[in-house]
Amino acid sequence: MKRRVAIIGAGITLFRRRMLESPKELSFEASRMALDAAGLTLKDIQSVVSGSAPDAFDGVHMKGEYYLDGMGAIGKPHQRVYVGGGTGVFTPIGGWWNVASGMYDTCLCVAEEKMSPLHPHPQYAFWSIFDQILERPLGTTLLWIFSLEMRRYMHKYGIKEEEIAEVAVKNKGNAIDHPCAQLGAKITVDDVMNSEPICSPVKRLDVSPPSDGAAAVVLASERVAKKLTDEPVWLDGVGWTLDTTHWTNRDLAYPEYVEKAAKMAYKMAGIKNPRKEIDIAEPYDPFDYKELHHLEGLQLAGKGEAPKMTVDGVTQRDGDLPVCPSGGLLGVGNPIAAAGMMKICELFWQLRGEAGKRQVKKDARTGVAQAWGDLMQVGTVTVMRR
Amino acid sequence: MPILEKISQPSMARHWTDSIPLEFHYTAGVAGEKFRRELRDNGRFLVSKCAKCKNSYVPARMFCPSCFIEMKETRAIDEPGYVYSYTTVNRNRAGEPGETVTLALVKFEGVEGGIIHRLDDKTIDKAAFGIKVVPILKDRTERTGALSDIISFKQA
Amino acid sequence: MSQKITNYPGHEITHEDQKERRYLDIEYKFVPRYSWAAGVAISRFLDELKEGRIIARKCNQCERILVPPRMYCEQCYRPTDQWVQIKDTGTVNTFSISHVGTDARRLKTPILVAVVDLDGASPGMGILHNLGEVEPSNIRIGMKVQAVWKQPSERQGAITDIRYFKPLEA
């Protein structure tokens, strides 16, 4: 019989292109803040789950073993979970296993990423995720896969680049109010359209930046959570699935793996009509079109309909379905695993009414966070409620 | 059912050879930056002290791993260290016979952690648990704040 | 708690800090070499490329013709059954014009990239490759293309034995 799991504290560092802090130090800062918020010390924590994307960014093999003292995990049961870019949202899912199973009453979940060590650009590490025999010899970059997917999505549903650019405008604008944001800015659709074409149809301002940063949450069982706080945020649904790495054999216009993960999480949370029952969403937005793609996979918009929803203002902070009120990866930054965890932190603060200037207008009670990654193949989803 | 079709001639099995060349520019970190500057400028090791458990750590760290709080107090070590353990290596990283090097883990009284480094030629013969050692430093102008600022440790 | 916290931790190192070398960074190069086994299916695929042909595998249960070929069907989860020669022509499923190289440095001449659904394989069975002999502005989704092969003497059993795909009709 699974137990109900609550989030009782969250913490986050600044997100920047390059930070002085080592991976251990970034992890410590985020963990420390989450513990303080939960009113706990490290002694109260029974297990630790960490998340971080490829070791090639930090440039440390066995990264999970290296950074664990910054996560307070020395001498505790610790596991590192990994599904590429989906890792940030997968990390609290790993924590959920620890607590829902009855193994532990408290679990610290920390996501860390330091992308800046890789020279000349973190992009380079992504080259090695492609097939070493059939794809890498062609001179691949990660941007290819995104631009190929974006083009197919636009083609299938007749979407214009200008409509997609609205997402970048909204998210970078929202990020102005995020105290940790790297790229908060007031920009226009024209700015996006006129920005440097880097891998058409992807332009400079369609893309999130590489970043250093960390974020963390503390999970507790229902019994412990109710003792510690009057405002627990419940982790009521979790879902994750992966598709094959034969990405060129797939329908690039629709993320079926996200749909499957979302349906798993919704079923667990008892959600029958996501568009009506979900008040606020933090889908993964490493590229602006990805937010739209994912809204559709999450069943929050019909296929090909997310762009119109965005243009109509539905996804603004004062709209009917606020999407990425944090500012998302496009605005806050994209330290891969930490970026996904940032979304979990954002929903935690939004659902408790603590988001300050970023607080959405509607009375949000149920939220969904989602991340995506690996070779166009993973969806990780959590449903959170107050 | 297993896959029945196999490659029976080894010459038919293909391999693809390539590299994943990576270049890293690491930051030393908040504590690491201070440690490296102390080594470069003054030739000394920087230690962090926890205000709660009173433990000290070398190299300097930002936080106490057991109390999980920031350590703000630092001091530089002036006294010699001691050989905690040592080993003699006769092969290089590729496993081929190479230069003979004796490496020691040097610890300091009352301080957690330590420094791994070479023992100098004259000290190798006397290498023993507990002997007091001090670093032989490169000239100040050649130091960069890396552990290679130390040539080796010698008997104090 | 977001609005209750005023000071978020972290020290930024700016681009200027790096240029001026204000911090004691440590630089390290790592060049591991690998020899990856191509396995049963891809060894044969590469041999066929060397001969100027493209080969796929068929699963008799779902009847899909799979390319790149694999010895098992990931959907039926059983071994695939037979080799099938497919054509070196296909349709552009999607494409991009890449102005950046693998390390994100800007390129002088952009690379044209496409997923090409190959004729003779099941619908949607595409491979990643480059396009050539075409103006970037003339590329369209749905365009018919054909492989342009290297000379037989230059082929080495690699995906690059196909130089690129070019439009089938001028």
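A, B, ... follow the sequence lines: proteins, then strands. Residue 1 opens every chain. Computed from a predicted structure; not experimentally measured.
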SB check B:Glu38 B:Lys34 (cutoff 4.0 Å):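 So B:Glu38 does not pair with B:Lys34 through a salt bridge.
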SB check A:Lys114 A:Asp212 (cutoff 4.0 Å):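 Yes, A:Lys114 and A:Asp212 are salt-bridged.
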Chain A contact residues among residues 40-65 of chain B, heavy-atom distance under 4.5 Å: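 Expected list: B:Met62, B:Phe63, B:Pro65.
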Side-chain H-bond candidate by donor/acceptor type, [X] with [Y], under 3.5 Å:
X	Y	result
A:Thr106	A:Asp44	no
A:Thr13	A:Glu29	no
A:Trp144	A:Glu135	no

Where at least one partner belongs to residues 121-132 of chain A, residue pairs that pass side-chain hydrogen bond (donor to acceptor under 3.5 Å, both in side chains), sequence neighbours excluded: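 Applying side-chain hydrogen bond (donor to acceptor under 3.5 Å, both in side chains) to every pair that reaches into residues 121-132 of chain A, excluding sequence neighbours, yields nothing.
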Need one label for [X]: side chain, backbone, both or neither, based on atoms under 4.5 Å from any heavy atom in chain B.
X	answer
A:Leu35	side chain
A:Pro137	side chain
A:Leu42	side chain

Mark yes or no for whether [X], through its side chain, and [Y], through its backbone, hold a donor-acceptor pair below 3.5 Å.
X	Y	result
A:Lys43	A:Leu40	no
B:Asn92	B:Gly98	no
A:Arg18	A:Ser116	yes
B:Gln155	B:Ile131	no

Pairwise distance [atom1]([X]) to [atom2]([Y]) - rounded to 0.5 angstrom:
X	Y	atom1	atom2	result
A:Ile129	A:Gln377	CD1	CD	8.5 Å
A:Asn98	A:Asp105	CG	CG	11.5 Å
B:Phe108	B:Asp78	CZ	CG	11.0 Å

Residues of residues 333-341 of chain A contacting chain B, heavy-atom criterion under 4.5 Å, by residue number: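 When heavy atoms of chain B are the reference, residues 333-341 of chain A contributes no residue within the under-4.5 Å range.
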Chain B neighbours within residues 63-74 of chain A, where any heavy atom lies under 4.5 Å away: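 The residues closer than 4.5 Å to chain B, in numerical order, are A:Asp69, A:Gly70, A:Met71, A:Gly72, A:Ile74.
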Ring centroid separation A:Phe57 to A:Phe126 under 6.0 Å: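 For A:Phe57 and A:Phe126, the ring centres are under 6.0 Å apart.
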Option that, when pairs with chain B are counted at under 4.5 Å, heavy atom only, ranks first among A:Pro117, A:Ser31, A:Ser22: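 Going by pairs under 4.5 Å, I would pick A:Pro117.
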Residues, nucleotides or ligands: over 12 heavy atoms within 6.0 Å of B:Lys72 NZ: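 No - once you tally the heavy atoms of other residues, nucleotides and ligands closer than 6.0 Å, there are 12 at most.
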Contacting moiety of B:Ser19, where chain A heavy atoms sit under 4.5 Å: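 For B:Ser19, the contact with chain A is made by the backbone alone.
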